[in-house]
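Right, one structure below, let's go through it.
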Number of protein chains: 2
Amino acid sequence: MNLSQNMQDYLKAILLIGRDGTASTSDIAARLEVSPASVTSMIKKLDELKLVKHESYRGVTLTHAGRKIALEILRHHRLIETYLSEALGYGWDQVHEEAERLEHHISEEFEDRISKILGDPQYDPHGDPIPSKDGRIPPTTSERLADAEREESVIVRRVSSHDNTMLRLLTHHGIGIGSTLRIVSRNEDVRSITVRHQRKIIDLSIDICSHIFVDRYVGTTRQ
Amino acid sequence: MNLSQNMQDYLKAILLIGRDGTASTSDIAARLEVSPASVTSMIKKLDELKLVKHESYRGVTLTHAGRKIALEILRHHRLIETYLSEALGYGWDQVHEEAERLEHHISEEFEDRISKILGDPQYDPHGDPIPSKDGRIPPTTSERLADAEREESVIVRRVSSHDNTMLRLLTHHGIGIGSTLRIVSRNEDVRSITVRHQRKIIDLSIDICSHIFVDRYVGTTRQ
DNA sequence: AATATAGATTAGACGTATCTAAATCATTGC
DNA sequence: GCAATGATTTAGATACGTCTAATCTATATT
């Protein structure tokens, strides 16, 4: 089964859209930055290949075979991001674009070797889970910093954005995966949250906070 | 200037064909395993982009701009091969295919980082020269083991083949880049050369020997 | 229940890269 | 100097992935 890079991208997009397994044409179009018409025609081909199930006007879901391929590409992506970060010294704001291209072109050999060198990591530099070879996805928090209460302490587990500016802003404040933050105040009027991080007081927009996933701090940490 | 992967492959092929700068349609077709007709139509496009100069029925040469791109791709290829070999533990018989795909998809950032990590190497795992960023090609020998005389001693500098079987055969005999060989006899009748390598007597076909480039041994070695 | 609207699909086109078959050119042998 | 041969180019077709414009469907509103 040799799929084009584009087909792989469609499958990955459908996987990542989530919506309890179903993706709409416009979801996919927005994500891949193509027209809805292009999505429809590609969906048709993927349906014929039994990689997705398409119900006209109702959305599309991955079949088992399609999901398997999507997970493999996602694994490639996140392993590559991790490798770029750990082995080549890339910043977490630089890894996405490079991985986006390379994910389609590495061999299984390459995948296995970098995974092994990295110690078979379960999370990438953004805290996103790396699917295992057999398609299992490590657990993740779905609590958003945006929903945290005043006086709470949280640990940053995942930043679900590939927006370089946002990532660099966090880096600038010294905030990364594993950072502990204390919520000083919620400023609903200006749509921001003030946090304390290593003695520094930082004001983060709700927009940013909704991309930051956290564990409530309870004295233990997940490695 | 955003070139398709295919266009890059054509430029690289023209560069590698050598023939004092000129490549014929059939040379390129053979190398890329496409029909001569496909080559003609691609050449036409590259000519319009001023990347090659095409004289109908007479062959094609790279322009300065085209050569620059071809050298960049070649640099990618050989750096990647070197990286796979040095950092990821690939054998020299495994690196070509992987590099062939990846060379089109790495960023300049990636190129720079792996080059630096490797100490800006000048030769890849097969001994082929890695073009520098400014397009210079390190020197190489053009003396073939196939032309060496009885009683001579030589040092293997380059193996100009990506044939896995051939490379594995050499590995099996412990022969690699830098190996010293003594020519025991030339066996013109059976088209082979017998060499001594670390006390072992090895019989190599002329076919293989014509892919092995050597320095005559004069007591000093090139690093 | 009828209609307005948002979303999805179809129709028809374009650009890229490939192919086969047919035609053309260049060279070499006689 | 011409014919034969081999290489090259042209012509016309196919497959892929994209687009815009037009049409159709589902659903929410009144």
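In the text below, chain A, chain B and the rest are named by the order of the sequence lines, each starting its count at 1.
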Would you mind reading off the distance between B:Gln5 atom CD and D:dC16 atom C1', rounded to a whole angstrom?
15 Å

For atom CD of A:Glu109, is the number of surrounding heavy atoms from other residues, nucleotides or ligands below 6.0 Å larger than 12?
yes

Rounded distance (Å) that lies between atom P of C:dT18 and atom NZ of B:Lys45:
7 Å

Sugar-phosphate only, base, or nothing, as touched by A:Ser38 at under 4.0 Å among non-hydrogen atoms:
base

Between A:Asn6 and D:dT18, is there a contact of a side-chain N or O with OP1 or OP2 at under 4.0 Å?
yes

What is the distance, rounded to the nearest whole Å, between atom CD of A:Glu33 and atom C1' of D:dC19?
15 Å

So which one's nearest nucleotide on DNA chain D is more toward 5', B:Thr40 or A:Ala37?
B:Thr40

Specify the separation, in whole Å, of atom CG of B:Asp27 and atom P of D:dA7.
10 Å

Roughly, in whole Å, what's the span from CZ in A:Arg58 to C1' in D:dT27?
9 Å

Rounded to whole angstrom units, what separation is found between the CG atom of A:Leu46 and the P atom of D:dC16?
12 Å

Under the 6.0 Å and 45° cation-pi test, does A:Arg113 pair with B:Tyr90?
yes

Need one value for B:Ser41: base, sugar-phosphate or nothing, where a base atom within 4.0 Å counts as base even if backbone is also close, heavy atoms only.
base

Specify the separation, in whole Å, of atom CG of A:Leu32 and atom P of D:dT18.
8 Å

Output, in order, the C-alpha distance, side-chain angles, deciding distance and verdict of side chain to side chain donor-acceptor pair (under 3.5 Å) for A:Asp120 and A:Ser115.
CA-CA 5 Å; A:Asp120 296 315; A:Ser115 178; 2.5 Å; yes

Give one of base, sugar-phosphate or nothing for A:Thr25, where a contact means two heavy atoms less than 4.0 Å apart.
sugar-phosphate

Just compare C:dA26, D:dT25, C:dT18 and give me whichever is closest to any side-chain atom of B:Val34.
C:dT18

Between A:His105 and B:His105, what is the ring plane arrangement, given parallel below 30°, perpendicular above 60°, and tilted in between?
parallel

Protein-nucleotide distance (A:Glu55, atom CD; D:dT27, atom C1'), rounded to Å
17 Å

